[in-house]
Amino acid sequence: MAEVLQVNPFDFVVFGGTGDLAMRKLLPGLYYRERDRQMTDESRIIAVSRTDQTVEDFRATVWAALQRHVPAADLETAVWERFAARLGYVSLDATKSAGWEPLQTLLKGHEDKARVCYLATAPSLFGAICRNLASAGLVTDTCRVVLEKPIGHDGKSANAVNEEVGAVFPEDRIYRIDHYLGKESVQNLMVLRFGNALFEPLWNSSWIDHIQITVAESVGVEGRAEYYDKAGALRDMVQNHFLQLLCLVAMEPPAHLSGDQIRNEKIKVLRALRPITQADVKVKTVRGQYRAGSIDGQPVPGYADELTRSSNTETLVAIKAEIENWRWSGVPFYLRTGKRLPVRYSEIVVQFKDVPHSVFPKGSGELMANRLVIRLQPDEGVQLNIMTKVPGPGGLRLRSVPLNLSYAEAFKDRYPEAYERLLMDVVRGNPSLFMRRDEVDAAWSWIDTILAGWEQTDMRPDPYAAGGWGPISAALLLDRDGRRWHDPEL
């Protein structure tokens, strides 16, 4: 097992500390950091919420959440007792300037610690919370703020949020989190590229035919229908997760993997994205919305049924993106995400070009191009498809076979999940896996052009049955280029 290094003492203040994100991700993640003894004895976790309850009530709520979201085998009495002792609670409406005295009292005398203010709230509250933090005298030189997605609804609103937060916190103490960047397989993408002579020399338009990024979900909108209907797949997934993954795949090698070096290279990719305008939005993008169908043999309702009204919001989006620079000229990046697809999985597919000439006799089998598949979830790993000879007599027979690296099989020990790694990076003051403001601006600039194109052309979502791979228009997006989506075998 890899050595776990303790972080310096900290106070971790979670605004929205009784909400779904805190109970489902943040507190379970911090529990695991307790389990691995990564936190010092002096470190504290303080939840802030409008709910009127005692700290004992809050601890009971956290324990119930851990029982839901942490495997029973990982729940240890001694670990929980240490973790519970760290937990504090303050009842406060953080959008109002009054009532901050209990939090001020709790934090007084701890100014020398790293102070993390995690805003697990709606983005519309970010500005008010930051202003009130400053008015209460709680923004110290060691204080940093974490912003959850989505940051804004479009470029204009994102700029307004960033202006409000930036009036209180300097840019180097603002951490805009995207949990995809904390995934092991995403981290490993940089090691694959920059740590192996096998790949980086081929990582360009001379050898790569195209790249696909897919995030498929089998669930519907669950309890997020009202939020989702205001966002849609493009804002909810592509503006953040997808563009961050695309940047890591396409960026130039940074001088080193620390500080702003990675972020400097990512912004170059975002600025090199070819705008998808009104003229080509119907050719290079697809919108879809699921209708009633079945998942795993069980009937499921359509999106409009879940919403209880008709809607023009897309639950699936597919995009042909192009990067206008020397490395990637002529290489399309196909992006696809959708709800109510047959299975849940996320992957990056790097499709290499065909060999220029086959020396093998006819009848020996189809010569297939090499393909690198980086699986992000549910079973993280890497697969490289290569051509090989089928053993045995009867002449030369060819077959494409996978070389597999499964993280679960190769590394038996549990390793930290995305939020765990990113939360500790905030405490350390390491911003490399977080979005800088100019990244957010550039991403929204590209997305806003697509949104405008949809509106100008009145481009409505194409229907698709739940449990299918989306509307036929999504398949045609690649078929027009003589390609097809890489879907797992069911």
Side-chain angles (χ1 to χ4, degrees), residues 13-16 19 21 48-50 92-98 100 116-136 138-139 143-181 224 226-244 247 260 263 266-267 270-271 273 275-277 312-314 317 422 426 431 434-456:
V13 185
V14 185
F15 291 88
L21 176 64
V48 177
S49 170
R50 288 177 295 186
L92 167 68
D93 184 345
T95 63
K96 297 180 179 179
S97 58
W100 285 74
V116 177
C117 295
Y118 198 113
L119 307 192
T121 67
S124 59
L125 307 182
F126 289 173
I129 294 174
C130 289
R131 285 194 301 273
N132 290 330
L133 274 166
S135 298
L138 298 178
V139 180
C143 188
R144 55 211 65 162
V145 65
V146 185
L147 308 183
E148 265 287 343
K149 81 169 187 74
I151 298 177
H153 188 72
D154 53 20
K156 182 179 179 180
S157 58
N159 183 65
V161 170
N162 282 322
E163 283 290 326
E164 288 185 295
V165 175
V168 176
F169 290 90
E171 179 62 29
D172 63 358
R173 286 197 270 135
I174 301 174
Y175 290 72
R176 301 171 186 86
I177 194 168
D178 185 333
H179 72 273
Y180 263 62
L181 296 185
R224 303 169 67 229
E226 288 302 322
Y227 157 75
Y228 194 88
D229 199 56
K230 297 174 183 177
L234 186 67
R235 291 184 176 96
D236 187 52
M237 292 294 293
V238 180
Q239 186 273 333
N240 40 75
H241 298 330
F242 271 77
L243 292 186
Q244 288 296 308
C247 286
D260 268 341
R263 303 198 290 186
K266 287 196 296 178
I267 190 65
L270 292 171
R271 289 171 176 165
L273 279 170
I276 298 177
T277 62
N312 194 38
T313 297
E314 78 282 354
V317 63
L422 295 174
V426 178
F434 298 83
M435 290 178 286
R436 206 166 57 192
R437 178 172 178 173
D438 54 358
E439 290 181 65
V440 176
D441 292 342
W444 271 122
S445 177
W446 192 69
I447 294 294
D448 281 347
T449 304
I450 297 174
L451 290 169
W454 286 351
E455 183 176 358
Q456 292 160 356

Specify the closest pair of heavy atoms between Gly152 and Pro123, including all atoms of both residues, with the distance to one decimal. N-CB, 4.4 Å

Residues 447-454, side-chain donor-acceptor partners within the protein, below 3.5 Å, at least two apart:
from: Asp448; atom 1: OD2; to: Gly155; atom 2: N; distance (Å): 2.9
from: Thr449; atom 1: OG1; to: Ser445; atom 2: O; distance (Å): 3.1
from: Trp454; atom 1: NE1; to: Thr285; atom 2: OG1; distance (Å): 3.0

Shortest non-hydrogen contact from Ala233 toward Val317: CB-CG1, 3.9 Å

Nearest heavy-atom neighbours spanning Glu439 and Met435: OE2-CA, 3.7 Å

Decide yes or no on side-chain contact (heavy atoms from CB on, under 4.5 Å) for Val426 and Arg144, but give the supporting numbers first. CA-CA 8 Å; Val426 178; Arg144 55 211 65 162; 3.8 Å; yes

Check the surroundings of atom CD in Gln456: do more than 12 heavy atoms from other residues, nucleotides or ligands lie under 6.0 Å from it? yes

Run the numbers on Val145 and Val165 for side-chain contact (heavy atoms from CB on, under 4.5 Å), then give the verdict. CA-CA 9 Å; Val145 65; Val165 175; 4.1 Å; yes

Can you measure from CG (Asn162) to CG (Asp441) and round to the nearest 0.5 angstrom? 6.5 Å

Between Leu422 and Tyr175, is the side-chain contact (heavy atoms from CB on, under 4.5 Å) condition met? List the steps. CA-CA 10 Å; Leu422 295 174; Tyr175 290 72; over 6 Å; no

Give a yes or no answer on whether the side chain of Asp260 reaches the backbone of Arg263 with a donor-acceptor pair at less than 3.5 Å. no

Heavy-atom closest pair, residues Cys117 and Phe15: CB-CE1, 4.1 Å

Counting C-beta onward and ignoring hydrogens, is there a side-chain heavy-atom pair between Ser135 and Trp100 closer than 4.5 Å? no

Do NZ/NE/NH1/NH2 and the carboxylate oxygens of Glu171 and Arg437 come within less than 4.0 Å? no

Atom CG of Leu243 and atom CH2 of Trp446: how far apart are they, to the nearest 0.5 Å? 6.0 Å

Val440 backbone acceptor or donor facing Arg176 side chain under 3.5 Å: no

All pairs passing salt bridge (Lys or Arg N to Asp or Glu O under 4.0 Å) where residues 116-129 contributes a residue, at least two apart: none

How close do Tyr118 and Glu148 get, heavy atom to heavy atom, and via which atoms? OH-OE2, 2.6 Å

Student check: side-chain heavy atoms of Leu119 and Val146 closer than 4.5 Å: no

What's the verdict on side-chain contact (heavy atoms from CB on, under 4.5 Å) for Cys247 and Leu270, showing C-alpha distance, side-chain angles and the deciding distance? CA-CA 7 Å; Cys247 286; Leu270 292 171; 3.5 Å; yes

Is Arg436 paired with Asp438 through a side-chain N to carboxylate O contact shorter than 4.0 Å? yes

Looking at every non-hydrogen atom in both residues, tell me the closest pair between Tyr180 and Met237 and how far apart they are. OH-CE, 4.3 Å

Is the closest basic N to carboxylate O distance between Asp236 and Lys149 below 4.0 Å? yes

Is Glu314 salt-bridged to Arg235, going by a charged N under 4.0 Å from an acidic O? no

Pairwise side-chain contact, Trp444 with Asn159, heavy-atom cut-off 4.5 Å (strictly under): no

Side-chain atoms of residues 126-134: list all donor-acceptor pairs with protein atoms under 3.5 Å, sequence neighbours left out, distances to 0.1 Å.
from: Arg131; atom 1: NH1; to: Glu164; atom 2: OE2; distance (Å): 2.9
from: Asn132; atom 1: ND2; to: Ala94; atom 2: O; distance (Å): 2.9
from: Asn132; atom 1: ND2; to: Thr95; atom 2: O; distance (Å): 3.3
from: Asn132; atom 1: ND2; to: Lys96; atom 2: O; distance (Å): 3.4
from: Asn132; atom 1: ND2; to: Ala128; atom 2: O; distance (Å): 3.1

